[in-house]
Each structure stands twice: as structure tokens, then as C-alpha cells.
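Chain identifiers are assigned alphabetically (A, B, ...) following the order of the sequence lines, protein sequences preceding nucleic acid strands; residue numbering begins at 1 within each chain.
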Amino acid sequence: LKYLLLLWAAVWRNPVETLLTWLAACAAFALFSLMVGLYVHTRQVILRQRMDRLYVVMRYPDQPYTGLPISLAGQIAQVKGVTAVSAVHWLHGYHADPKTRISVMAVDRSMPLAYPELPLGPADWQRLFARPDAAFASRRAAQRFGLRPGTAVQVTTPQDTQADGNPTRVFQVLGLIDDIPEMEQGFLLGNHAYVDGSEAPQRRGLGNMFRVATVDGKHAATVCRAIDERFASSGAPTYCVPAQADAQAMANSNVDIAAITLAVAGAGLFMIFFLIANGIARSVSERVPELAVLQTVGFRPWQLQVLVMLEAALPCLLGAALGTSLGYALTRSSIPVLTGNLGRLLTTPEFPPQVLLWSAGSAALLALGSSVAPLRRLARLSVVDALAGR
Amino acid sequence: MSMRFLAQLLVVSRLTVAGLRHRPGASLVITIGMACVVAVLISMLSVGAGMLRVLRASADPSRVVVLSTHAQDEHGTELDRGAIATILDAPGMARAADGRPLADAEVLVNVPPAPGFVQGSLNIRGIGPKGLALRPELQIVAGRVFVPGRHELIVGTAARHDFHMGVGDHVIMPDGEWPIVGAFSGGGVLQSQLMTDADTLMAAIRQGGFGSVVARLESPASFEAFRRWLTGNPVLEVTALRQADYYIRAGGEHPFYETMGYFVAGLMSVGALLGAVNILYTAVRARTREIAILRAVGYGPLPLAISVTVEALCLSLLGALLGGGVAWLVCDGRESIGFTWSVTPRLVALGIAWASVLALLGSVLPAIRAAHLPVSAALHE
């Protein structure tokens, strides 16, 4: 208790300055948590993708008859190392309002083998393929579009009309499924047979990509090369890439966002380090006679050192706690600056829990670093000189 | 403003600045704080500035890009040869030596780089007979120009660097591997692309339409008449853009980095501002007796208040210069795919202005405190 009282008295010697220091630490840690959150999230998105899952798309997607012939699936399946191949037809359009973008991933019956990570059980797959217009909505998509099991969802695709010219397809939502990391905004899963059957005759039998499963990720590059070589001189040359390599390339398409976020987070902490270190150093310097008195009345040097360290730790830990909470609140806010691409990056659906560890660890390091100079000063403290005011 | 006031301000400011060396720790807090804010701000904005510089270098005020109204950029195939012929009849176009319009129908194709899984994708631009004449800034720096009709490519210097491609290398195309026979520099974003003959490329990818028409006008002033003729023509569904406007519209991730830069620097500024207020309050507290004595001998409260702002400004400017220097050392010339980061004088000026505003804001409350210190009580401290 006497420690607590001493700590309390030390902290509140200059209330305005103490509050300002805490608030500054809070702002620095808010930035830190946002940047670290972004870094961790970016890494997670990449690492959650697997090297043994491949995407095969058209090498030259600008051809007028866009679409990858589904018939290639059989040949891809014959490539050594491939265990399953499934065709995907993406429908990109809008729901109700042209501004409300929606995408449906229409998949064929091989998808449970080619992409077993999709969160559907055997019974769900059966239900999906039993009904042509069936769809499953991920929870985030359901929230965005107000969907629930049993509702119908209209998807209008002006660029991808049906055989009769109607651009709108209607899907019946059979159930809700968990979201997956690679589609953060949520997704709808549909039946490829229905989508393909509704296309104009000349567009039938075409997809956007194949999902391919392989025996292991070590040989992904070899398998991809073999697939691309097989179709290099055909009418539909392919481009094969492992899902993880694709995610990595997407993350670093222009600049290394991960490196930037860490640099900014570090700069914020570096800035606040000087403020806190200076505050503690000044506080100890001003209280030298008081500390000498404490030592005279029986406090051991190590006890005074702990007191100084706690004084340094308080703004760091409090700043980390409040700042990280503020960072979390910002990722859930809808302030204008967070509505564009930056917002999509920062307001990720999940706030990685690792951010808490990073913040706590950094706060501890900051406290330790800030108290080095005052501790050295304490170590050199001469009680007699201090009491004499020298 | 009286001479007496100015003299007092000068004396007090000199005293303040001279006193800074007695408070190195506190001075460092403001300087480092501002340096961090400015370094982060300039670094983030230098990404966007680098992108913009490449885009601007790509543009010529007298060059225009004509696109289909259905296309967002040149990666399209909507312009058939009939539409191209009509577009070439538009008024205001400069003429080549052969008397034909200085305009070129072009096609732009995305090709994944091969082999391996590297970042970005190759853009191959198919150009026509006037494609090089339209762009006098392009220089062949190695090898030679492709021969129309042959499966040959030339590579821009940025693409050569980013994708490790050189003269003699091959690119996988639908009808086999095409050799790179030359390298070119100049042309801004074009340097990140490969070029070949448009008709040969379109035959290879079995594509019948063009993505754009690039034309040189007689003068930039001819643009409006040119645009009106095209958009008013009932047989055409096209839009015409000045090249600079097109590149800004099509190429822009730079607003993202600008938003991120301002957002991050804004949040950091809150921390730096609070830190500065804290330090300046401490400085005023440390100078209580000095301020009281000055007041007692006749100095007015305003010069004393302004001296606090002067202190904040001096330290912040030092920090801004430090931050700007660090950003310049770390970021200027840093290479990314298709562009290099650019720390421009405008960004450094922005950093200095940003730090100055923070200094002014941060010094308001401590300055008021300095001006309102009770003289008699302060003298007793």
C-alpha cells in the first residue's frame, strides 16, 4: 500500500503533464495497434492460403470470347501431382441497386475435393447440387445483403446476360456458412450447372478459373509449370499460380505494405519513447531529495528502482490499453477517411488478437527503455549530498 | 506595433532560444516528435508522388487518348477497324510527313510474367506504324525495334528491371515464345511495358478489336473541338481524354497512399501535439522565475507569450528538417514496380508547414499560461 501511495503521489505531482503524457501515449498506441493489426492481418491472409491449392486462369484474359473451357478440367486432372480439379464461374453484378455489388461463385461437383476448405458439410454440398438455383451465403454476405435461409436473392449481371437476354438471375438461399479469409467481404456460393445452363449457347461450357488441389505444396511450382506447358500452344493458354503465391503477389503489388506498417508503428513508438523517457528523467531529477529521504528512512535502493520503473510503466501500459482500444474502435467506425481503399484495409472484419500481445510487449519495452537513464541516476545517488541539497 | 514591443520580443526570444541548450531532453522530445511525424508524412506521400511523377512523365499536353465509352482503360477490344477509320477523320490532329494523321490504334494486353510467381503482370502494348513517331521521347537503348509482322518484342527499362528481362529473353505468348529484340527508355508508364506490332499481337491473341487510339493534336487548344466531334458523332461510342487526365484516371493508386499518409500523420500528430504541449508547459514552469523577473522589470505579457511560440517553432522546424532529411535519405529513389518513390520539394515544404502548424497549436495554452503567470507569486518560487 505504501508503494501504491508513493507511486500515486509521484504520478500526480504534475497532473496536467501526466494527463498529456498519457493521452500522447494513447494516440501513439492507437496508431501502433492499427498498423500492427494491418501487418498481422496481411500476413495471416497470405499464410492462410495454401501452396497446395492452385488457381488456373486464362493467360490472355482479353480474348473476346472470354472464358476458360471447362473441358480442360479432364486434362488438368491428368497432370502428375493433381488430385482434384473444379471449374468456377464467377458472376459479378449487383443486388437490387447498381451500387450494391455482389458476387456469386458458381462451382461444380468437384469443388468439395478441389477446395475442401470451403465450410460446407457433405449434406450441404448435396443440397447445393440438388437444386439448380440453390445458394449458400457466408455470414458477412448475409449481413450485407440482409439474407437468411429461405430468402431469394437477385443477382443482376449486365455484362453476363442469360440466353433470353435477361441479366437477372434469382438464387434461393439454403443456408448460411462461415466466411473464409480469401473473401473478406463475404461471398455467395452457387451451382455451376444452373449458371452455365442459363448462358447463351455460345457462352456455355466456359468458366473463369479452375481450383486445383495437389498432393503437396512443395511441388506446386512444378505442377503449375506442367499445367501451363500442357496448354501453352493450345487455343486457351493457362496461367497457374498457387493460392499462397497469388496472395503474396497481391499484397505486394505496388509497395510492401507490411514493411510500411511496421515502419510507421515503430516511428510512433520512437516518438513517444522520448516523451515518456524525458518525463520520468525529469520527475526523478526533481525528486532526488525526496528519494534520498526515502532511502534514509529505510527504503532499499532496489525498492526505489522498482518505484521508478512502475512510474515509467504506468503511462506505457495505460497508453497501450487505451490506445489499442481506440485502434479497435477506429476499425469499427465509419468516419469518412476510413471509407475508401484505406478503410477496407483497416476495417478488416477481424482485429487480430496478436495486436494485444504486440502492444503489451512494446509497452513493457518502452517502460524498460524509458527508465534506463533515471535508474542510472538513482544508482549514482549519494544520500548525504542529496539531503544537503548538493 | 511599437519599437518597445519589438525590442522586448527580440530580447525574450533570444533568452528563450539560448535557454534551449539547458533543456536538451525536453527540446529533443519536440524535435524528435515532429521529425517522426514529418518523416512518416513525407514518406507516405512520396509513394503517391512517385506514381504521379511517372504518370505525368507519360503525358504530353497535345496527346489524347480515345477509348470506347464501355471501357475503363486501354485493356479493351471494343474499337473495331471501322470505328478506328472514323476516329482518324476527326479534326485537329497533327499530320505526319506522309500527310496522314499522327494517330495510332493500339491494343494493351495483360500477360502473367513467366517463369515463376513474381509480383505484378506484364503489359504488352501493340502499336501501329505511327506509334513510335507519336512518342519522340522513346529511345532505343539496347538492341533494335521490332519488325512489324514478326513475333518480336521490345521491353521498357522499368519492366526490364522489375521482371529481370533483357534483350535475348523470351516471353510466352499464345503461339509460342517471342524474343525480346530491344529495350527502350522514356515514356513514363510505358517503360513498365513491352511493345510489339499491334496487328501481330492481335493475331496471336485472336483479338479483333483495338483498345484505344492515341493521337497528337495540332495544339492542346484543339482538344475541345476534337472531343466534341468524336462524342457528337452518332456512329461512334467513344470518349476522348487528354493523356494526362487519362493516366490520372486509369493509373491511380496514388490517392490511397495520400489518404494513408494524411491519416497516419494525423494520428501521429495528435501524439506529437500533446507531447509538445506537455514539454512547453514544463518549459514555462521551469522559467517561472525568469518570466516573473522580466514582467517585474517592465516586459509585457505578449512578448513572453510569443517567446513560447518561438521556442516551439524553432524546435519544430528543426524536427521538420530532420524528418524531411530522413525521409529523403530512406525513400527518395526507392524502387517499386513501375515507379520510384519521390521526395519532392513540395513534400518537404508541406512537412515544414505541417510541423509549424503543430508548433503554433501546441504553444497556445503554454503561451497563455506564460502571459498570465502571477508575478508576485512567481517571484516567491
Quick one: what part of Ala267(A) sits under 4.5 Å from any heavy atom of chain B, side chain, backbone, both or neither? both
Using the test side chain to side chain donor-acceptor pair (under 3.5 Å), find all partners of Asp332(B) that sit at least two apart in sequence or belong to another chain. Trp328(B)
Can you see which heavy atom on Gly271(B) is nearest to which on Ala24(A), and at what distance? O-CB, 3.6 Å
Any side-chain heavy atom of Arg285(B) within less than 4.5 Å of one from Asn14(A)? yes
Residue list, salt bridge (charged side-chain N to carboxylate O under 4.0 Å, His left out) with Arg53(B), at least two apart or on another chain: none
Given side chains that start at C-beta, do those of Ile279(B) and Leu275(A) come closer than 4.5 Å, heavy atoms only? yes
Checking Asp228(A) against chain B: side chain, backbone, both or neither under 4.5 Å from a heavy atom? neither
If you take all heavy atoms of Ala30(A) and Leu267(B), which pair is closest and at what distance? C-CD2, 4.2 Å
Considering only heavy atoms, which portion of Val16(A) lies under 4.5 Å from any heavy atom of chain B: side chain, backbone, both, or neither? side chain
At a heavy-atom separation under 4.5 Å, does Leu31(A) approach chain B through its side chain, its backbone, both, or neither? both
By side chain to side chain donor-acceptor pair (under 3.5 Å) - contacts of Ser283(A) (at least two apart): Arg287(A), Glu311(A)
Between Ile30(B), Val264(B), Val40(B), Leu273(B), the one whose heavy-atom pairs under 4.5 Å with chain A are most numerous: Val264(B)
Report the distance from atom CZ of Phe273(A) to atom CD1 of Ile32(B), rounding to the nearest 0.5 Å. 10.5 Å
What part of Glu286(A) lies closer than 4.5 angstrom to a heavy atom of chain B: side chain, backbone, both or neither? side chain
Suppose a student defines contact as a heavy atom less than 4.5 Å from any heavy atom of chain A. Which residues in residues 20-29 of chain B would they list? Gly25(B), Ala26(B), Leu28(B), Val29(B)
Identified side-chain hydrogen bond (donor to acceptor under 3.5 Å, both in side chains) partner of Asn278(B) from the options Thr18(A), Asn278(A), Thr21(A): Thr21(A)
Working note: Phe263(B) + Leu34(A), criterion side chain to side chain contact (heavy atoms under 4.5 Å, CB included); need CA distance, chi angles, decisive distance, verdict. CA-CA 11 Å; Phe263(B) 175 72; Leu34(A) 280 175; 3.8 Å; yes
Residue Val47(B) versus chain A: region with a heavy atom under 4.5 Å: side chain
Show the numbers, then the answer: is there a side chain to side chain contact (heavy atoms under 4.5 Å, CB included) between Met268(B) and Ile272(A)? CA-CA 10 Å; Met268(B) 273 185 90; Ile272(A) 214 67; over 6 Å; no
Heavy-atom side-chain proximity of Met271(A) to Met34(B) below 4.5 angstrom: no
